[in-house]
*Asks:* 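Structure in structure tokens, see below.
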2 protein chains.
Amino acid sequence: MTETTPRQRARIETEAQIAAIGNRMVDDDGVDGLSLRAIARELGVVSSAVYRYVKSRDELLTILIRDAFTQIADAVDEALAGHRSVETLALAMLEWSRGHPNRWALIYGTPITDYEAPREQTVVPGTRIMVKLAEMVAETRNDAEAAPESGAKPRGSVATSESSGRQRQSMVAALQPLRQGLDELGLDYDDHVILETITIWVAVVGLINGLRFGQFGPGFDDVEDDLMSGVVSRLGE
Amino acid sequence: MTETTPRQRARIETEAQIAAIGNRMVDDDGVDGLSLRAIARELGVVSSAVYRYVKSRDELLTILIRDAFTQIADAVDEALAGHRSVETLALAMLEWSRGHPNRWALIYGTPITDYEAPREQTVVPGTRIMVKLAEMVAETRNDAEAAPESGAKPRGSVATSESSGRQRQSMVAALQPLRQGLDELGLDYDDHVILETITIWVAVVGLINGLRFGQFGPGFDDVEDDLMSGVVSRLGE
DNA sequence: CTCAAATCAAGAGCAGTGCTCACTATTGTT
DNA sequence: AACAATAGTGAGCACTGCTCTTGATTTGAG
């Protein structure tokens, strides 16, 4: 057992405190409100002291971003444990965004200027939900193939309208980067599943962004969930 | 004819210069790079002097936001004049976002902390595209009703799956705020059109955000248009 | 137990930001 | 020519991230 000296304990304690205060500051005032000097003040310490624990503001940002990705993915997982459906996933994301609007913006809004999230630290937690969605979409598709119950199921309708052949061709290339990303996680889906996944994903994230960022104007506070359900069900036809 | 004195001319000239420099700064370094002091420097004037022309940084922001909304809406209109379709609209937005990523973020990304865009100055230019989209969706629907050519057209499929009745009910309430917004612009559409419009809208904006903000990882530079076409066509089934 | 090494905190300082205020130039009007 | 409106100046306040030197404290090895 690697024993921890009191100093080490104090260190990780302080680091945790800094992250906690930082999270609270983002929650309260957005990412612009995140100030190392203010954190120092709150810790009752001079400003330069916090640089002993975080190398820079950007490093703290990375921690907060990783935290946020993990939190929302956990929340979604928990919700899906109750009822596994795309709607549940979407509503769980929406719910989390409502509780932490500024944290939502931190991960799904405009990236911070001159800050590049180190992919090796953020990719895995940042893709958990989308991967889950792809899984579920793939399952649904398998179910449909195994038991095609209604003629209304849009099987061949993918290749409707003109230019279907060319479309199919170029689609493969267009989906290549995403397929590659899934590959690296050991997943392999066909084009239809990937396109379906990305469509649902951008719609869900787009709707939440619109609501959180006030792009649709006011008056949506009481109908957010219904709107999301409406959009998701429209997508599921 | 109200004649303009040289001084007035110089004034609006300087105002235009400030806006132009501001736009360039946002284009180059994002909204965080917008600095009144830097503008003053570029104008060869002391920093406090610019406050003669803009009351505050926020006021300049409002100007830039209004500009951006107008520009992208103009670009979309121009594209639609060539070929009127949802895909054209989506691709035009995507194209504009590619040319002005930071301006895109300014209007469709995370809102600026402690800044509230004065609605009376931004609502009209900010809703032009969405209104156009609603128009087009409504037209398509009318066409489908006037000439129902294929049985594949999803007429009754709106009320599929369980809970259709309740769904329909709550949908009306959920769409109420949007309907109200359209009402104020003298437009009146039924629930189906509104839901369809918002679904397409959030998907298109969501996809562009994902691409611009790098949320899907790298490797999409050459396939953006195809991806958008794929998503839009998937939505149009 | 002592003493050097590692760690931590302090405080001053640099360069940058938005914004205000008192003051001086310049310009336009009567 | 005198007066008022406008334009520009420069100092200053409060804030930010970050660095560097100096001093205090804890740690572990001899």
Side-chain angles (χ1 to χ4, degrees), chain A residues 2-19 21-22 24-26 28-65 102 106 111-117, chain B residues 2-19 21-22 24-26 28-65 102 106 111-117:
Chain A
T2 63
E3 49 183 329
T4 64
T5 75
R7 198 140 214 190
Q8 286 174 320
R9 289 201 51 211
R11 160 137 219 148
I12 68 175
E13 167 76 12
T14 306
E15 282 169 354
Q17 262 184 357
I18 290 176
I21 296 174
R24 206 210 54 223
M25 281 179 171
V26 171
D28 288 351
D29 302 314
V31 69
D32 289 342
L34 181 69
S35 158
L36 291 195
R37 289 188 110 111
I39 290 178
R41 236 172 284 137
E42 195 156 325
L43 289 174
V45 97
V46 86
S47 75
S48 60
V50 308
Y51 288 87
R52 279 280 131 79
Y53 301 92
V54 289
K55 197 148 72 264
S56 66
R57 185 176 184 270
D58 281 6
E59 189 181 277
L60 178 54
L61 270 176
T62 300
I63 295 172
L64 301 186
I65 289 172
N102 291 326
L106 183 65
I112 285 94
T113 311
D114 290 333
Y115 167 80
E116 191 112 19
Chain B
T2 62
E3 51 183 328
T4 64
T5 74
R7 199 140 215 193
Q8 286 173 318
R9 290 200 49 211
R11 162 140 216 144
I12 67 176
E13 168 76 12
T14 306
E15 282 169 354
Q17 261 183 358
I18 290 176
I21 297 174
R24 206 210 54 223
M25 282 180 170
V26 171
D28 289 350
D29 303 313
V31 69
D32 288 342
L34 180 69
S35 157
L36 290 195
R37 290 187 110 114
I39 291 178
R41 237 172 283 139
E42 195 156 324
L43 289 174
V45 97
V46 87
S47 75
S48 59
V50 308
Y51 288 88
R52 280 277 128 81
Y53 300 92
V54 289
K55 198 149 70 264
S56 65
R57 186 175 183 270
D58 280 6
E59 188 181 278
L60 178 55
L61 269 176
T62 299
I63 295 171
L64 301 186
I65 288 172
N102 290 327
L106 183 64
I112 286 93
T113 311
D114 290 333
Y115 167 80
E116 191 111 21

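Numbered from 1 within each chain, the chains take letters A, B, ... in sequence-line order.
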*Asks:* Using a 4.0 Å heavy-atom cut-off, does A:Val45 contact any base of the nucleic acid, only the sugar-phosphate backbone, or nothing at all?
*Replies:* sugar-phosphate
*Asks:* What is the distance, rounded to the nearest whole Å, between atom CD of A:Glu15 and atom P of C:dC8?
*Replies:* 9 Å
*Asks:* Which part of the nucleic acid does B:Leu34 contact within heavy-atom distance under 4.0 Å: base, sugar-phosphate only, or nothing?
*Replies:* sugar-phosphate
*Asks:* Please report the distance, rounded to the nearest Å, between CG in A:Leu43 and P in C:dA9.
*Replies:* 9 Å
*Asks:* If you compare all heavy atoms of B:Ala40 against all heavy atoms of B:Ser47, which two are closest, and at what distance to 0.1 Å?
*Replies:* CB-CA, 3.5 Å
*Asks:* Applying a 4.0 Å non-hydrogen cut-off, can you work out what B:Ser56 is touching in the nucleic acid: base, sugar-phosphate, or nothing?
*Replies:* sugar-phosphate
*Asks:* Looking at A:Arg11, I'd like to know whether one of its side-chain N or O atoms comes within less than 4.0 Å of OP1 or OP2 on C:dC8.
*Replies:* yes
*Asks:* What I want to find out is whether A:Arg11 reaches A:Glu15 closely enough, with some N-O distance under 4.0 Å, to be called a salt bridge.
*Replies:* yes
*Asks:* Given the structure, check if the side chain of B:Arg37 and the base of C:dG16 hold any donor-acceptor pair shorter than 3.5 Å.
*Replies:* no
*Asks:* For A:Tyr53 and C:dA9, give me the distance from atom OH to atom P, rounded to whole Å.
*Replies:* 3 Å
*Asks:* Which nucleotide, C:dA9, C:dC21, D:dG17, lies nearest any side-chain atom of B:Ser48?
*Replies:* C:dC21
*Asks:* Working to the nearest 0.5 angstrom, can you tell me the gap between A:Tyr53 OH and A:Thr14 OG1?
*Replies:* 4.0 Å
*Asks:* Over how many whole Å does the gap from B:Ile18 atom CD1 to C:dG18 atom P extend?
*Replies:* 13 Å
*Asks:* If I take atom CZ in residue A:Arg57 and atom C1' in nucleotide C:dT17, what distance separates them, rounded to the nearest angstrom?
*Replies:* 13 Å
*Asks:* Has A:Tyr51 got a side-chain N or O lying under 4.0 Å from the OP1 or OP2 atom of C:dC8?
*Replies:* no
*Asks:* May I ask you to verify if any side-chain N or O of A:Arg52 is less than 4.0 angstrom from the OP1 or OP2 atom of D:dT25?
*Replies:* no
*Asks:* Round to the nearest Å and state the distance from B:Ile112 atom CD1 to C:dG18 atom P.
*Replies:* 14 Å
*Asks:* Can you tell me how far C1' of D:dC18 sits from CG of A:Leu61, to the nearest Å?
*Replies:* 15 Å
*Asks:* Within this structure, what is the CG-to-C1' distance between B:Leu60 and C:dT17, rounded to whole angstrom?
*Replies:* 15 Å
*Asks:* Could you tell me if A:Thr62 and A:Tyr115 have a donor-acceptor pair between their side chains, going purely by distance under 3.5 Å?
*Replies:* yes
*Asks:* Are B:Glu42 and B:Arg37 ion-paired here, with the side-chain N under 4.0 Å from a carboxylate O?
*Replies:* no
*Asks:* Using only side-chain N and O atoms of A:Ser35, determine if any of them is under 4.0 Å from OP1 or OP2 of D:dT16.
*Replies:* yes
*Asks:* Does B:Thr14 or B:Ser47 map to a spot on DNA chain D nearer the 5' end, using the closest nucleotide for each?
*Replies:* B:Thr14
